Each structure stands twice: as C-alpha cells, then as structure tokens.
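Down below is the structure, laid out as structure tokens.
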There are 2 protein chains.
Amino acid sequence: MTKKAPARTPRITIREVASDAGVSVAAVSKVLRDAYGVSDALRAKVQASMDKLNYRPLASARGLRGRTYTLGLVFPDLRNPFFADIFAGVNSALERTRYQAMQGVSVSASSLVEAMIDRQMDGLVLIGPNETNERLNDIADRVPLVAIGHHDLTDARFDTVNNDDQLGGRLAVRHLCQNGHKKIAMLSLAAPVSTVINQRELGYRLEMTEQGLGGSINIVRAPQVLREVQLILRRLLEGKDRPDAIFCWTDLMAFEAISVAVELGLSIPEDVAIVGYDNTVFCEFSQNRLTSIDQSGEVLGLQATRLLIERIDGRSHSEHFVVTPRVVARASSAKAG
Amino acid sequence: MTKKAPARTPRITIREVASDAGVSVAAVSKVLRDAYGVSDALRAKVQASMDKLNYRPLASARGLRGRTYTLGLVFPDLRNPFFADIFAGVNSALERTRYQAMQGVSVSASSLVEAMIDRQMDGLVLIGPNETNERLNDIADRVPLVAIGHHDLTDARFDTVNNDDQLGGRLAVRHLCQNGHKKIAMLSLAAPVSTVINQRELGYRLEMTEQGLGGSINIVRAPQVLREVQLILRRLLEGKDRPDAIFCWTDLMAFEAISVAVELGLSIPEDVAIVGYDNTVFCEFSQNRLTSIDQSGEVLGLQATRLLIERIDGRSHSEHFVVTPRVVARASSAKAG
DNA sequence: GCAAAAATGTAGAACGCTACACGTAGAACA
DNA sequence: TGTTCTACGTGTAGCGTTCTACATTTTTGC
C-alpha cells in the first residue's frame, strides 16, 4: 500500500554548515546553543554559513539530546474565544525566545498530554484541566507543567496561574447589587468538572450572603449542551419566581441567556440583567453589550509561559500566580429602574 | 542561569521492551510498525511487554528515521468558531489512525510552517492560507501539503479542499431574492487576501446580474478591525440608499451587522435582512438567529485529513475536493413584507 | 527426502544533533 | 623561562528509533 514518497528537497544539516564554514560540527552546535567558548570570529563565520545555506536545526534531532524548544498547550475546547486571548498572551511571551507553541484540544487532557510528551515538548500548559492533583503531579514528574485555571494547590508539583475566580463571583454579585438587583440567580455548569466553577459559585454564595441576600441564593446548573441550556433558562425566566439578574459562569452562556430572555419578550436590563464571565470579544461585539468579568486571558497566558520557561530552566519549587478580575460594565446590567 | 533540571522519571525505551520480551530491538520495532515478517507468537510477546511496561515510542526518535505520526494544522485565527468545526473533522478522521494533530495559529503562515517542518510534521494542513501558489508549492516540495480554502489550482503540487465559495455567494443572493429582497449589498473584506473572498464576491456579482439586479451591486469592504466594521456598517445603514439586505462574508461580521442595525433602530429582517457565511454554532445561539451559508467545516477537515494521509503514503498527483454549500435559513432573512 | 522458497528473527549502521572530554595556544604569573 | 590559567575548538559517543542486509529456520513443491 505504502508507496515510495516523491523525492523531497533534502534538508541542510549541521554537517553541511560546518563544512561550508570550515569548522567542526561541534563548533556549529555551540553557536546554535550559544554555549560557552565561542569567539566572535567563529560565531560570525558560522552565522554567515547558516544564513547562506538557510540552515534550520531539526527539532527532533535536538530533542533526542536536549530540548526541542517546543511548548505544548492543551485547550479544553476551541469554541470559546476566551482561549484565543490566552493564546495571544502565550505568543507575546514567546516573541523574543526560540520557543514555539503547539496546541492541541481535548476535553480529557490525558491522551493528548501523553501525545505531547511523546513528541518531546519541553513543557506543557494545561488550560482548565479537568484532572486531579494526583494526575497532574504525575504529569509534572515527567515534564515541566503549568496549569491555568486550577485552584487546588495542595501538594502541587507544578505551577498554576489563576484568575481569582472567587473574587470574580463576588464582583459580579456586588456589581449587580449596586445596580439595584436583588434576586440574583447564577447559571452554572452541571457536574462541575473544574475547580474554577467551584470558586465562582463560592464567590457568588459568599457575596450574596454578605449582601444580606442569602435567602435568594439560586444556583441553576446546566450541561454544556445548547438545547438543555435553553430549556433550563426558559424554565428559570418563565417561573413565577423570576430572578431580576443572572450571573452566568461564562460569556457564551450569558449570550444564550440574553437570547432566551429576548425571545420571551423580556427586556434587558430592565426585566432581567445579565453578567457573564471572561469578557470575550463578543461582549463588545453583538448587540449583546454584555457586562462581564474580565480575567485577562492574555495576562494568564503570558504569566503561564513565563513560569513554564523558568521551570524548564530548572526551577523546581512551585509558584502560583493570581490575576485579579475586574468588572467591565456594559448595557446588559445597567442600573435598574 | 540554567540550572540542572530536577530528576524526571525516565522513559521506557524500545531496548527495555526488547530485553523484557527476550527479543531483539529490531523485532520490537517491527511489531511497532507492523512490518512484514512477524509471527503471532512474537507479536503477542512484544505486545505483552509493551503493555506491561507502558511503553510509548518517542516521536522525535522515530522522526529521525521515519515518521513522527504528527500532522500540523495551521489556522489563521482562533476566534472564529468555524475553525473548531474543521478541527473536529480532522480529529474524527484521525480517530482510528496512529496520527495526532498539533495546531498552530498565525496570520502569515510562513514562519509557523517552517517551525512545523522543523518539528518533523509528517504533513501539513493550511487553513485559509494567505499565500501564493509559488510559495505553497515551495512548501509542498518539502512536506505533504493540503490547503483548505484556497481556490487557485494552477500548477498546484498540493491538494486542496474547498467549499464552492462562488456557489455560496450565489446561494446567498438567490435566497435573499426569493425572500423578496432586491437591494442586496455585500460586506466583504478589505484587501482581499484570500482567494476565498474573491470567489464569494464573484458568486455575488454573477447571481446579482443573473437576477437582473446588476444595477444594485454594492460591495462594501471593511478590514478585520471591529471599530472600522461598525463604522462602515453604520454609514451603509444610515445612507439614503440603504440596502434591504446584506450578505456578509463571514458570520462574525454578520453578527456585527445585526448589532449595528438594531442599534440604529432597524428591525431584522423587516428593514434589513442579513445572511452570513460558515453557519457557526453562534447562528443557532444568540437571538441572532442568523441565516448562513453552511460550508460544513467538519467535512472540510475530514477530507483534508484523508487526502493528507494519502499523500504521506505516497500519492504524488494532486487532488481537489469540493464541498457544496447550502443555505440554512433562519429568522434573520425571513420573507420580507 | 531434498533443494528452493518463504517466513522469521537479528545485527548494526544510520538519522541530526548535543555535550562531555580533551587538545591546543596564547596570556598571566612568578 | 617555565608553569599555570583561561579561552577556544574539535572528536566522538550517544539519544531512541528505523530499516537494510543477512542469518537462520520452517515450509513448500516435486
């Protein structure tokens, strides 16, 4: 079945560079890694040959001995534009380095993580990993690891970068209270897989209680399936006890909430105010004009990358970076009455 | 600066498997690649050892001699959820294979493509590449290549998978005509970088002409920048010659169009109908209820992957796969009057 | 039953790079 | 002038695979 592939233009190797520059292979390698013991003259000579031949080191070969200069990013999903922000942050951190990021997507990180380790990634960033600390430590024992959006720090042998999701939950409630809302419901995720959700729920609860609204705490949980979400929102908004505000655990759900509300003839924010989370581009975008909690994905990505490279360079104690969220107020939660 | 990294749990190598199974390294390699000349007994023995030791071949090492079983996907952008559909298609094509996809994002494919070649990807899928055929052929000479969303087939030494964008443009216009709209404008992209846009514009023009609306052909071009898009849309909708329908080159722009229209107090579809392109999940989603041209990203991804693997396996002539788009009608373009 | 053919397994040389261990030469020191 | 440093280059042994030869065993054909 497998025929011979057509002849491909062959690669320039370090050997050819060496012979072109009239030096040893080892010398070229030194220049490549800017290792100690290289004179300016030699560097220049080698550099010239590399440029001339358009030489590029082969990552797999490097990986066999040293590094591949490749970082792996594991996203849980590609549909949420919030992840694009994180990615942008990663890339800006990588700008002046020799590292390159490769991404993969998978709900259960496991198999993808293995694939990335097989491919000699120098380090991994897991975004919103749905994994136990035990499992994460297991990975961390094999490859430098940073988790974004993981709040369990006990015994962590990896770094974390987090938005303060608990504070985020609080801010949402506080903001809605300030704008005169009282019956604030929260739309959360069924089977809360991530510690992120737990923190947001906790923040919601705590702030509701502190605001003296403990009695009207109302967490509604929906799965990721669109139909289900719509159904549950409809039930919530048609019920006799309709909330006058909904805090949604992510912008995407918030858009859906707006959608269902409008469909039911309710006006926003007069009848029901909506607040989302992530402050994705789409908040600005559509008529949604959605108030949202900004967790600055770009900062998350940037810090995670910084920590990861530190770790690759040898740091072995764990660091945990926290970003403070903030409310970005838009029309969807404007002052009631 | 660079300290010694902490001791990592070492990898199981093919050598250890071989010694555990009491066979040669070559034998294990044969089993791994299911090459010719392996008895059932040997296979079983080796398989057992591999399972027992939890062995996983190292891609970089394989790459040095043969394949890495890694495919590279190059996306122009991560924000458009349409790309998630393509990705899903790729993954479903990969399901029962030993290949794994890694993604990268970059507007100008160039540097990312080089990085992927450096990392020994067995093949590349470029999505909406903003490159000349010359450049693409150049890449194709070095690595098996498939382009999704590239309409220039002259001399192509790579495969392409395309939605029939010209037909898509036609369908949009035809649909709007059938629903009684006449002054149909098209919102396109400034500096049309991709052949995709050209085809959609062409389809729009041709169908307008055939419908006898050649006189009201009106292509408005906006850059990718949100502010600009809003400005241009506002100008278009406030002008004395307001169109009664807008065909937008992508859903994201269509949402923006809806947004601006609503802001201006226009109702959709009575005052102005909107049609998008891509049929992203968000069409169903928000109150947008956006009519869109479906180009089935999943099929595109699946076919591209299929072609790519064929090419890796040795096919050298080019193939070009075309998917037929279809209109998915929703509220945003309902019958006028 | 014997030669030829087919099937099965093994040795060992790459693949392109890194990094350790040296060799050498000039500078600094006494 | 000899000796010790230091800076700079080089030789070469791997890293974990694949894959071409080749050696050995088993099967087949007559």
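Throughout, protein chains are lettered first and strands after them, A, B, ... in sequence-line order, and every chain is numbered starting at 1. This structure is a prediction, so every number in the text was calculated from the model and none was measured.
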Let me see the working for B:Ile312 and B:Leu71 under side chain to side chain contact (heavy atoms under 4.5 Å, CB included), right down to the final yes or no.
CA-CA 10 Å; B:Ile312 293 173; B:Leu71 306 183; 3.5 Å; yes
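The shortest distance between the side-chain N/O atoms of A:Arg11 and the OP1/OP2 oxygens of C:dG16 is not below 4.0 Å. For the pair A:Ser39 and D:dG9, the criterion of a side-chain N or O lying under 4.0 Å from OP1 or OP2 is met.
Side-chain proximity of B:Ser29 to the nucleotides D:dT18, C:dA19, D:dT17 is greatest for D:dT18. Residue B:Tyr55 places its side chain closer to D:dT17 than to any other of C:dA11, D:dG9, D:dT17. Considering only side-chain atoms of B:Ile14, the nucleotide from C:dT18, D:dG11, D:dT18 that sits closest is D:dT18.
Atom OH in A:Tyr69 sits about 13 Å away from atom P in C:dC17, given to the nearest Å. Atoms CG (B:Asp40) and P (C:dA7) sit 13 Å apart, rounded to a whole Å.
Put simply, the side chain of A:Phe158 reaches to within 4.5 Å of the side chain of A:Asn137, judged on heavy atoms.
Applying the salt bridge (Lys or Arg N to Asp or Glu O under 4.0 Å) test to pairs two or more places apart or on separate chains, those with a residue in residues 16-42 of chain B are B:Asp20-B:Lys52, B:Asp34-B:Arg98.
Using modelled atom types, one finds a donor on one side chain and an acceptor on the other under 3.5 Å when comparing A:Thr68 with A:Asp122.
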For nucleotides 13-15 of chain D, list the nitrogen or oxygen atoms of the protein found under 3.5 Å from its nitrogen or oxygen atoms, one pair per line.
from, atom 1, to, atom 2, distance (Å)
D:dG14, N2, A:Arg65, NE, 3.0
D:dC15, O4', A:Arg65, NH1, 3.4

Short heteroatom pairs, N/O only, protein and nucleotides 22-25 of chain D, under 3.5 Å:
none

